[in-house]
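Scroll down for the structure; my scribbles are underneath it.
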There are 2 protein chains.
Amino acid sequence: MGARVTIADVAARAGVSISTVSLVLNNKPTRISEETRERVRQAAQDIGYSPNKVAQGLRRRLTHTLGLISDSIATTPYAGQMLAGAQDVARENGYMLFFVDTGADAEIEEQALSQMQAQQVDALIFAAMWHREVTPPTNLPNKAVYLDCFSQTSPRPSVVPDEIAGGRAAVQYLVNAGHRRIAYVDVDENPPPIASKLRHRGYLAIHEENHLPVDPALHVKGASTHDGGRQATEKLLALPKEERPTAIFCFNDRMAAGVYTALRSHGFEIPSDLSVVGYDDQQLVAAELYPPLTTVALPHYEMGKWATEVALGIRPHSGTDPPHLMPCPLITRESVAPPPVGAPTHPGGEA
Amino acid sequence: MGARVTIADVAARAGVSISTVSLVLNNKPTRISEETRERVRQAAQDIGYSPNKVAQGLRRRLTHTLGLISDSIATTPYAGQMLAGAQDVARENGYMLFFVDTGADAEIEEQALSQMQAQQVDALIFAAMWHREVTPPTNLPNKAVYLDCFSQTSPRPSVVPDEIAGGRAAVQYLVNAGHRRIAYVDVDENPPPIASKLRHRGYLAIHEENHLPVDPALHVKGASTHDGGRQATEKLLALPKEERPTAIFCFNDRMAAGVYTALRSHGFEIPSDLSVVGYDDQQLVAAELYPPLTTVALPHYEMGKWATEVALGIRPHSGTDPPHLMPCPLITRESVAPPPVGAPTHPGGEA
DNA sequence: GTGAAAGCGCTAACAT
DNA sequence: ATGTTAGCGCTTTCAC
């Protein structure tokens, strides 16, 4: 189908040889008269010629094709933005993107990788749908780049979200609003996701920098779901009144939604009674909560771009650089306010 | 990168000609001794040979490559399932998938199509992220198939959700639970999305079949968002008590979430006071609502499979068939119960 | 300035 | 039962 018309047809119509056509159409700096150039271009246009990329790829040994392998996009609603970022830079640079979602099945991963190699892709991106360390297929080529993941044992260029800075931004924002007792509604997984640890690191750093005591009772955990957030919040609300937080920083927006539910069911108003901040800026949840949730956005689009740029060699990268940390912007909406007047700060704290 | 080793290397190592290698590796029914076959296979394995798909594609004029163009996956959280369906059948049949998301930009669509043709894809899928009539690019090849969309002017094989049946299933379920006054919280767009009209058609059909009067006051509209659902519900609650619905069927889950919010703020319990049913079975919303939302699922995965199967010629299809209607299963969760005892049925109705 | 010819890696007639 | 050869559509030296 498609390009039935070949370079030979163009040559015939323009009354020149196929090499001339090739030279002209590829703008080679050979001295071919402007006159013939024009004739060739016209002929190509007339018969609707467009070069067969497969033949070009075979000859040039460059297919202008890029592979993106991910563990799971189907089950991850916001993953699309990584793809969109990758796509945009691919398109702008004349590349087409092979996409495969492996469902994290090692066998499928390996098979997909072979297929892509067989298809002679010029570049490869190996993506995870949430920030984690991966154990890549053994046949992962050297030129691959990691997107939203990394590997210590099999290092490649890599981008991940700057989770520490994200945690810092969220908590600093709360501190700036006047909060002194800030809870962290964390995810309860073993081992904990990298993001959980790093966001908590940001939380701790801000406490330290602001000389705020850290109360272990304010670090609660639950499943990474609406219900997990709800249950974790119950623990917080079970604390004696003066030990309760005035603000809650959540591992993610889903849990934040659960925090909302728990708070509501106890008659607390958000943000006048308690402030809450999420993480992920997840579509269809963060902005649709009541009130709209202040949260930290995961830079999926930007990471997708970055990975593709280095994969394509547009962005310089020395293979041994540590993972690139992409900033996570704070998205301020309406779930944060100053603590209620007269709210407890912390036992013996400096108000 | 990749397959540096060619068929010639295998031939040399096995001490045969390259044609023999080709014959063997492609399992051609030519009589080559089992002995040499084995030798060739061994040689190939030894040096890690895998055929160059680009060269194969050029020669066979079949690339085992499939293009999927969509208007927008990045902004549509549940779209991934269509991709997943497409992917699965592609992989099972040895095809690789080129994916491009055009953001519904006509110029990009056209360009993407040309690129795919230039890449000599064997099949093409043109997908929309919500059920609608599209005006496809002028260069859409005849062999393309529509996924979750269709075109009257430029028909091709097409799959769309069976929205009428979905609307019927939802409303019948409500009727079976004992409801007689059922509202439809519709989307307020002009022109209305096809899905909106068809789901309403299902709603009406069930009313007719059950000899239930249709009260126009119960057909309210709002923006296709959480807030739109909330506002539409306010209209319902502003009705005189005995004219209010005992159940609400929503255009989609997002609006259903808004219905929950409005109901709650007026002190109604779901489902004991009012039942609600959504549409879409949207990830991270339907199942995470309190109580979990009974809804009608959009068969994204199945549609993705169907489209790919006909695109690949695995599933027979006569080009002129009307759009294939894919069933939308009812997902029953906990948002439906019988109406409260003594609830109004309808003025003059048969209870 | 332009054309002839070799060859990218593979398949498929056609020989033998 | 296996090898030779002619391309698939294109790019790129090298001649003229």
Side-chain angles (χ1 to χ4, degrees), chain A residues 1-41 43-44 47-65 94 115 117-122, chain B residues 1-41 43-44 47-65 94 115 117-122:
Chain A
M1 74 160 282
R4 286 263 130 281
V5 18
T6 80
I7 198 174
D9 299 323
V10 180
R13 182 170 235 268
V16 295
S17 74
I18 62 166
S19 21
T20 299
V21 175
S22 174
L23 259 14
V24 170
L25 264 24
N26 290 303
N27 292 310
K28 289 291 178 191
T30 188
R31 46 282 158 79
I32 287 187
S33 71
E34 188 47 55
E35 193 184 348
T36 21
R37 297 185 101 83
E38 193 42 43
R39 195 147 35 89
V40 168
R41 276 192 275 261
I47 60 181
Y49 171 75
S50 92
N52 180 326
K53 293 291 181 187
V54 173
Q56 275 188 342
L58 179 59
R59 179 63 234 232
R60 292 190 171 144
R61 312 165 122 244
L62 238 38
T63 56
H64 275 74
T65 258
Q115 287 264 10
Q117 309 261 80
Q119 289 284 0
Q120 313 296 118
V121 296
D122 296 337
Chain B
M1 76 158 280
R4 286 261 129 282
V5 17
T6 81
I7 198 175
D9 299 323
V10 180
R13 181 170 236 268
V16 296
S17 75
I18 63 167
S19 27
T20 299
V21 175
S22 175
L23 258 16
V24 171
L25 263 24
N26 290 303
N27 292 309
K28 289 291 178 190
T30 189
R31 43 283 158 78
I32 287 187
S33 70
E34 187 47 55
E35 192 185 349
T36 22
R37 295 184 104 81
E38 193 41 44
R39 196 145 35 89
V40 168
R41 276 193 275 262
I47 60 181
Y49 171 75
S50 91
N52 180 326
K53 293 290 179 187
V54 173
Q56 275 188 342
L58 179 59
R59 179 63 234 232
R60 292 188 170 144
R61 309 161 127 249
L62 238 37
T63 56
H64 275 74
T65 257
Q115 287 265 9
Q117 308 260 81
Q119 290 283 0
Q120 313 296 119
V121 296
D122 296 337

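To find a chain, count down the sequence lines: A is the first, B the second, and so on, and within it residues start at 1. Worth knowing before you read on, the calculation uses all heavy atoms, side chains too, and leaves out hydrogens, waters and symmetry mates.
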(request) List in chain and number order the residues that pass salt bridge (Lys or Arg N to Asp or Glu O under 4.0 Å) with B/Glu34, two or more places apart in sequence or in another chain; answer none if no residue qualifies. (result)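 By the salt bridge (Lys or Arg N to Asp or Glu O under 4.0 Å) rule, B/Glu34 matches B/Arg41.
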(request) Compute the bend angle of the helix from C/dG1-D/dC16 to C/dT16-D/dA1 from the end axes (five pairs per end), rounded to 10°. (result)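 Computed angle between terminal axes is 50°.
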(request) Taking only the side-chain nitrogens and oxygens of B/Gln56, find out if one of them lies under 4.0 Å from OP1 or OP2 of C/dT11. (result)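 Yes, within the criterion.
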(message) Looking at C/dC8, I'd like to know if its phosphate oxygens (OP1 or OP2) sit under 4.0 Å from a side-chain N or O belonging to A/Arg61.
(response)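 Result: no.
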Give the minimum heavy-atom separation between [X] and [Y], together with the two atoms involved.
| X | Y | answer |
| --- | --- | --- |
| A/Ser17 | A/Ala11 | C-CB, 3.8 Å |
| A/Arg39 | A/Ala14 | NH1-O, 2.5 Å |
| B/Leu58 | A/Ala55 | CD1-CB, 3.7 Å |
| B/Gln56 | B/Pro51 | NE2-CB, 3.5 Å |
| B/Val5 | B/Tyr49 | O-CD1, 3.4 Å |

To the nearest angstrom, how far is [X] atom [atom1] from [N] atom [atom2]?
| X | N | atom1 | atom2 | answer |
| --- | --- | --- | --- | --- |
| A/Leu58 | C/dG9 | CG | C1' | 6 Å |
| A/Arg37 | C/dG1 | CZ | C1' | 11 Å |
| B/Lys28 | C/dT11 | NZ | P | 8 Å |
| B/Asp9 | C/dC10 | CG | C1' | 13 Å |
| A/Gln119 | C/dG9 | CD | P | 16 Å |

For [X], check side chain to side chain contact (heavy atoms under 4.5 Å, CB included) against everything at least two apart and list the hits.
| X | value |
| --- | --- |
| B/Thr63 | A/Val54, B/Thr65, B/Gln120, B/Asp122 |
| A/Ile32 | A/Thr20, A/Leu23, A/Val24, A/Thr30, A/Thr36, A/Arg37 |
| A/Ala8 | A/Thr6, A/Ile18 |

(request) Could you pick out which residue, B/Ala55 or B/Arg39, lies toward the 5' side of DNA chain D when each is mapped onto its nearest nucleotide? (result)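 In this pair, the answer is B/Arg39.
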(message) Need to verify one output field. Residue with the more 5' nearest nucleotide on DNA chain D, B/Arg60 or B/Ser33?
(response)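 With B/Arg60 and B/Ser33 compared, the 5'-side residue is B/Ser33.
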(request) Check each residue of residues 16-25 of chain A for a non-hydrogen atom within less than 4.0 Å of any atom in DNA chain C, then write out the ones that pass by number, or none. (result)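 Only A/Val16, A/Ser17, A/Ser19, A/Thr20 qualify.
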(message) Could you tell me the boundaries of the chain A footprint on DNA chain D, defined by atoms under 4.0 Å from its heavy atoms?
(response)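 Footprint of chain A along DNA chain D, 5' to 3': D/dG9 to D/dT12.
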(message) Under the salt bridge (charged side-chain N to carboxylate O under 4.0 Å, His left out) definition, can you give me all pairs with a residue in residues 7-27 of chain A, not counting sequence neighbours?
(response)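 Output for this query lists A/Arg13-A/Asp46.
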